[in-house]
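Structure first, commentary second.
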Amino acid sequence: MEQSNQRQSDFITSVILLAFGLFIVMRAFGMPMEAAYGGVQTHWYVAPALFPLIVGAAIILLSVALMGVAIKAGALKALSGSAGEFFSQKISEKNQRVLVIALALLAFIYLFIPFVDFFIAIMTFLFFISTVFYMENDALMRKLTLYFAIECAVLILMAATGLLNVVNQGYIAVSDVIFLLAFVGMVIYARRLAKAEGLQLKKVRTVLIVSIVTPLFLCPVFRYFLLVPLPNEGLILSPMNMIYYAIKY
């Protein structure tokens, strides 16, 4: 038990250190790497940004290493069990469901809509909220909610450190790729949880189909027929726009 608590503490510490390291690196990127002072051109190896970049990178590498050790020792499983035990003992079943709904709505409105492709945002929200209630299993609800909360925390971390702007400077929004992969991971995790709890896997398949078909219908209707601009058009909606206008014109 003591070893398990130690690994949980290691994992939490690694997350905090990772956030701190990313913050240092993002701030360092705002410093000049090369500049002219008094007519003398300075080079990157004497730039003021170099030292914080090295320190930030070192903290990130060490925190990732610590996180890997903690995860290998079962920290995520222990944290999931601890969170589930806390919810089941301290919070009533009714309030658990209220918190899940509040988390889903707040994340959808204030995190996913502003920062993630609208198609992926709707798909993720629908799959999460539908699965946790349609499956009617408290253990699955708690564990899938923890997965969703970690996904939200990653998005908050990326936005707060400025990493979100850095990875989205290219033609492809890398953050959309990350959260599309996170959606795939959620589907796989939900199937594993359903199988472990002896639930019907076809329910997960039904929720997945509904979660994909709904934005596939709503997004084109609002974008092309009602002419309503969607909040964030990235990995999926931008190619959809290109295809639509290529066919139309």
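Quick caveat: nothing in here was measured; it's all calculated off a predicted structure.
- Interatomic distance, SG of Cys152 versus CZ of Phe128, reported as 8.0 Å (0.5 Å rounding).
- When all heavy atoms of Phe119 and Ile212 are compared, the pair lying nearest together is CZ-O, 3.9 Å.
- Cluster membership for Ile236 and Phe217, using ILVMFWY side-chain heavy atoms within less than 4.5 angstrom, is shared.
- The aromatic rings of Phe127 and Phe183 sit perpendicular to each other, their planes meeting at more than 60°, with 30° as the lower class boundary.
- For the atom pair CG (Leu181) and CD1 (Ile178), the distance works out to 8.0 Å, reported to the nearest 0.5 Å.
- In this structure a side-chain-to-backbone donor-acceptor pair under 3.5 Å is missing from Asn232 to Phe118.
- Distance check, rounded to the nearest 0.5 Å: CD of Glu233 to SG of Cys219 gives 8.5 Å.
- Residues Ile122 and Val184 do not share a hydrophobic cluster, clusters being chains of Ile/Leu/Val/Met/Phe/Trp/Tyr side chains in contact below 4.5 Å.
- Cluster annotation: Leu218 and Leu230 are assigned to the same hydrophobic cluster (Ile/Leu/Val/Met/Phe/Trp/Tyr, side-chain heavy-atom contacts under 4.5 Å, transitive).
- A donor-acceptor pair under 3.5 Å links the side-chain atoms of Ser63 to the main chain of Ile60, judged by distance alone.
- Within the 4.5 Å cutoff, side-chain heavy atoms of Met158 are placed close to those of Phe179.
- Across all non-hydrogen atoms, the minimal contact from Thr145 to Met141 is OG1-O, 2.6 Å.
- Hydrophobic clustering, with ILVMFWY side chains joined whenever heavy atoms are under 4.5 angstrom apart, keeps Val210 apart from Tyr134.
- If you chain together hydrophobic residues whose side chains sit under 4.5 Å apart, Val69 and Leu62 never meet in one group.
- Taking the six-membered ring where the residue is Trp, Tyr224 and Tyr245 present perpendicular rings, their angle passing 60° and hence far from 30°.
- Here the closest heavy-atom approach between residue Met186 and residue Tyr147 is recorded as N-OH, 3.1 Å.
- Heavy-atom minimum distance, Leu201 versus Ala194: CD2-CB, 3.9 Å.
- Side-chain rings of Phe112 and Phe125 stay apart, their centers remaining 6.0 Å or farther from each other.
- Summarising the local packing, OH of Tyr110 is surrounded by 12 or fewer heavy atoms from other residues, nucleotides or ligands at distances under 6.0 Å.
- A distance-only check finds a donor-acceptor pair linking the side chain of Asp117 to the backbone of Leu237 [under 3.5 Å].
- Between the CG atom in Leu126 and the OG1 atom in Thr214 there is a gap of 5.5 Å [rounded to 0.5 Å].
- The distance from the OG1 atom of Thr124 to the CG atom of Leu180 is 8.0 Å, given to the nearest 0.5 Å.
- Considering all non-hydrogen atoms of both residues, Leu208 and Val187 come closest at CD1-CG2, 3.8 Å.
- Atom CZ of Arg191 has 12 or fewer heavy atoms from other residues, nucleotides or ligands within 6.0 Å.
- Residue Phe115 comes nearest to Ala159 through the heavy atom pair CZ-CB, 4.2 Å, listed as atom of the first residue, atom of the second, then distance.
- Looking only at side-chain heavy atoms (C-beta outward), Leu199 and Lys203 stay at 4.5 Å or farther from each other.
- Atom CG of residue Leu140 and atom NZ of residue Lys195 lie 15.0 Å apart, to the nearest 0.5 angstrom.
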